[in-house]
Amino acid sequence: MNKGILVTGAAGFIGSHLCESLLTQGHQVSGIDNFDPFYDRSIKETNLAGFIGHPSFDFIEGDAGDRNVLEKMERKPSVVIHLAAKAGVQPSLKDPSAYIRSNILMTNTVLEWMREQGIRKLLFASSSSVYGNMEEMPFREDQLVDFPVSPYAFTKRSCELMNYTYHQLYKLDVVNLRFFTVYGERQRPDLAIHKFVDKILREQAIQLYGNGDTSRDYTYWKDTVGGIEGALKYITGRENVFESINLGNNSPVKLIELVREIASLLKVEPEIVYEDKKQGDVDITYADIGKAQRLLGYRPATGLAEGLQNFITWFRAKT
Ligand code: NAD
């Protein structure tokens, strides 16, 4: 058992599920979140509602990129799970400097604070986007990832590299976890599944960018959280760790197939409007998960239809 775990971005989609799961397993958890206005604060408050009063959980509202906020932490953690970020590819094209400030500078502040506090273990939320439009598939962690196609992607890749520097210089143990399109209950409202279900149920047309052929390796949140917990065990019991590890599903789904699956679960024929493919979006994400299986015991177990049904049930209950 760790002395304590700090989860940044604790009120977000993945962060709130992770905190709940860690608390269930008896960990001491601290959360930081600044309720970034990327999406509505009330959604994040609802995410937190199930565990905010838990005796093993404390929460600080504030910017994880601000030293004064980090220093407010009463319990010094032994592990940091750094999920806080400006997420989302398209908004990063509109305001790249906000992404650089938030993602890169915040991560540097967290690393500096860890170094000074003698906190030695970091799990970092990276992204499949670091692979860019890689032709060789499935994506493996030993491939060269020097070709990010959006500002969001380059901030994530920059953080992976910065984490390496801190590992070399200051012996921080680091696992960069490359998440692949995570979905399910509490999913961010800007992401495709959330938008499609919302629009189809309102009988509005849905926009598909490109011809529906782009694919994503959709990963159900429980599988992602299982992978993060596997990484927590891995990093806790070892010294001199630096790894980048895919947490995907090894099963890409075409956008048009995703829409058909959602439509069949909702029993509605959606109106589809095709629009031009957007700059910055990659054609396909496809994870090789062999390394995660070997090192973390990672076994994604939720099929798309089951995960989508769970999302739809949650979505209907909240609206
Ligand atoms: P999310 O937006 O729901 O959660 C991120 C949380 O971080 C939010 O609650 C936000 O308020 C908080 N935050 C942002 N900036 C902050 C700051 N400066 N200080 C404190 N808190 C801050 O997003 P998510 O989908 O849960 O993603 C979590 C992490 O996983 C992010 O780093 C994201 O880039 C990464 N990721 C997510 C996906 C996915 O499909 N959801 C895929 C790849 C990578």
Side-chain angles (χ1 to χ4, degrees), residues 6-20 30-48 59-70 72-73 80-89 91-92 98-110 113 122-131 139 148 150-160 163 176-195 216-221 223-225 227-228 244-249 282 285 287 307 311:
L6 168 62
V7 178
T8 70
F13 162 43
I14 301 170
S16 60
H17 281 302
L18 174 66
C19 288
E20 264 182 322
S30 302
I32 294 184
D33 203 295
N34 71 345
F35 298 96
D36 183 283
F38 182 51
Y39 63 92
D40 209 90
R41 177 188 179 103
S42 65
I43 299 175
K44 298 178 191 184
E45 285 172 345
T46 307
N47 290 347
L48 284 174
F59 180 72
I60 298 175
E61 177 175 348
D63 183 346
D66 178 346
R67 283 297 285 265
N68 298 323
V69 170
L70 293 170
K72 275 193 206 154
M73 295 228 355
V80 175
I81 307 181
H82 181 38
L83 305 180
K86 276 200 182 296
V89 168
S92 79
Y99 277 70
I100 293 167
R101 267 196 309 279
S102 175
N103 296 358
I104 302 178
L105 293 180
M106 167 167 54
T107 301
N108 184 252
T109 304
V110 170
W113 173 75
L122 173 69
L123 304 181
F124 172 69
S126 187
S127 160
S128 60
S129 63
V130 301
Y131 289 103
F139 301 157
S150 68
Y152 170 72
F154 81 62
T155 65
K156 288 294 178 184
R157 181 64 185 136
S158 304
C159 290
E160 290 188 350
N163 293 342
N176 295 318
L177 293 165
R178 295 177 177 166
F179 301 160
F180 283 65
T181 317
V182 189
Y183 76 101
E185 308 89 288
R186 301 184 195 159
Q187 191 196 36
R188 291 192 339 247
D190 62 300
L191 291 173
I193 293 171
H194 199 134
K195 279 202 298 207
R216 292 290 176 271
D217 200 356
Y218 297 101
T219 311
Y220 187 60
W221 69 262
D223 294 322
T224 307
V225 166
I228 301 171
S244 294
I245 303 180
N246 294 337
L247 293 182
N249 202 35
V282 297
T285 65
F311 175 81

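Heads up: numbering here begins at 1 and tracks the sequence. Excluded from the calculations below are hydrogen atoms, water molecules and symmetry mates; all remaining heavy atoms, backbone and side chain alike, are included. These numbers come from a predicted model, not from an experiment. All ligand and atom numbering here is 1-based and tracks the order in the structure.
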N or O pair under 3.5 Å between Leu83 and ligand 1: yes

message: Among all protein heavy atoms in this structure, tell me which lies nearest to atom 18 (N) of ligand 1, with the distance rounded to 0.1 Å.
response: Asp63 OD1, 2.8 Å

- prompt: Closer than 4.0 angstrom: is that true for some heavy atom of Tyr152 and an atom of ligand 1?
  reply: yes

task: Indicate yes or no: does an N/O atom of Phe13 lie under 3.5 Å from an N/O atom of ligand 1?
output: yes

query: Got the closest protein heavy atom to atom 42 (C) of ligand 1, with its distance?
result: Phe179 CB, 3.8 Å

task: Flag Lys86 as yes when one of its N or O atoms lies below 3.5 Å from any N or O atom of ligand 1, and as no otherwise.
output: no

query: Do the ring planes of Tyr131 and Phe139 sit parallel (below 30°), tilted (30 to 60°) or perpendicular (above 60°)?
result: parallel

message: I want to check something: taking the side chain as every heavy atom from C-beta on, are Thr219 and Phe179 in contact at a cut-off of under 4.5 Å?
response: no

message: So for ligand 1, is Ser126 a polar contact partner (N or O within less than 3.5 Å, distance only)?
response: no

Ring centroid separation His194 to Tyr183 under 6.0 Å: no

message: Does the residue Phe38 have a heavy-atom contact with ligand 1, meaning some pair of atoms that are separated by less than 4.0 Å?
response: no

message: So, using ring pair (Phe, Tyr, Trp, His ring centres under 6.0 Å) as the criterion, who are the partners of Phe13 when residues are at least two apart?
response: His17

- prompt: Can you find a pair of side-chain heavy atoms, one from Arg101 and one from Lys86, that are under 4.5 Å apart?
  reply: no

- prompt: Looking only at protein heavy atoms, which one is nearest to atom 11 (O) of ligand 1, and how far off is it?
  reply: Asp33 OD1, 2.6 Å

statement: In this structure, atom 14 (C) of ligand 1 is nearest to the protein heavy atom Ala85 O, 3.3 Å

field: ligand 1 contacted by Ser16 (non-hydrogen, < 4.0 Å)
entry: no

query: Looking at side-chain heavy atoms only, is the closest gap between Leu48 and Phe35 below 4.5 Å?
result: yes

message: Evaluate Ala64 for polar contact with ligand 1, using N/O atom pairs at a separation under 3.5 Å.
response: yes

message: So, regarding Val182 and ligand 1 (criterion: nitrogen or oxygen to nitrogen or oxygen, under 3.5 Å), is there a contact or not?
response: yes

message: Would you say that Asp66 contacts Thr109 through its side chain, given a criterion of any heavy-atom pair below 4.5 Å between the two side chains?
response: no

query: Is the closest heavy-atom distance from Tyr39 to ligand 1 below 4.0 Å?
result: yes

task: List the closest protein heavy-atom neighbour of atom 41 (N) of ligand 1: residue, atom name, distance to the nearest 0.1 Å.
output: Arg188 NH1, 3.6 Å

statement: When distances are taken from atom 37 (C) of ligand 1, the protein heavy atom at minimum range is Ile14 CD1, 3.9 Å

statement: For atom 7 (O) of ligand 1, the closest protein heavy atom turns out to be Gly9 CA, 3.3 Å

- request: Please indicate whether any nitrogen or oxygen in Leu191 is less than 3.5 Å from any nitrogen or oxygen in ligand 1.
  value: no

- line: Nearest non-hydrogen protein atom to atom 16 (C) of ligand 1, with distance, is Asn34 OD1, 3.2 Å

- prompt: Backbone N or O of Ala84 within a donor-acceptor pair of the Thr8 side chain at under 3.5 Å?
  reply: yes

- prompt: Would you find a donor on one side and an acceptor on the other, under 3.5 Å apart, between the side chain of Thr155 and the backbone of Ile104?
  reply: no

Ligand 1 contacted by Lys156 (non-hydrogen, < 4.0 Å): yes

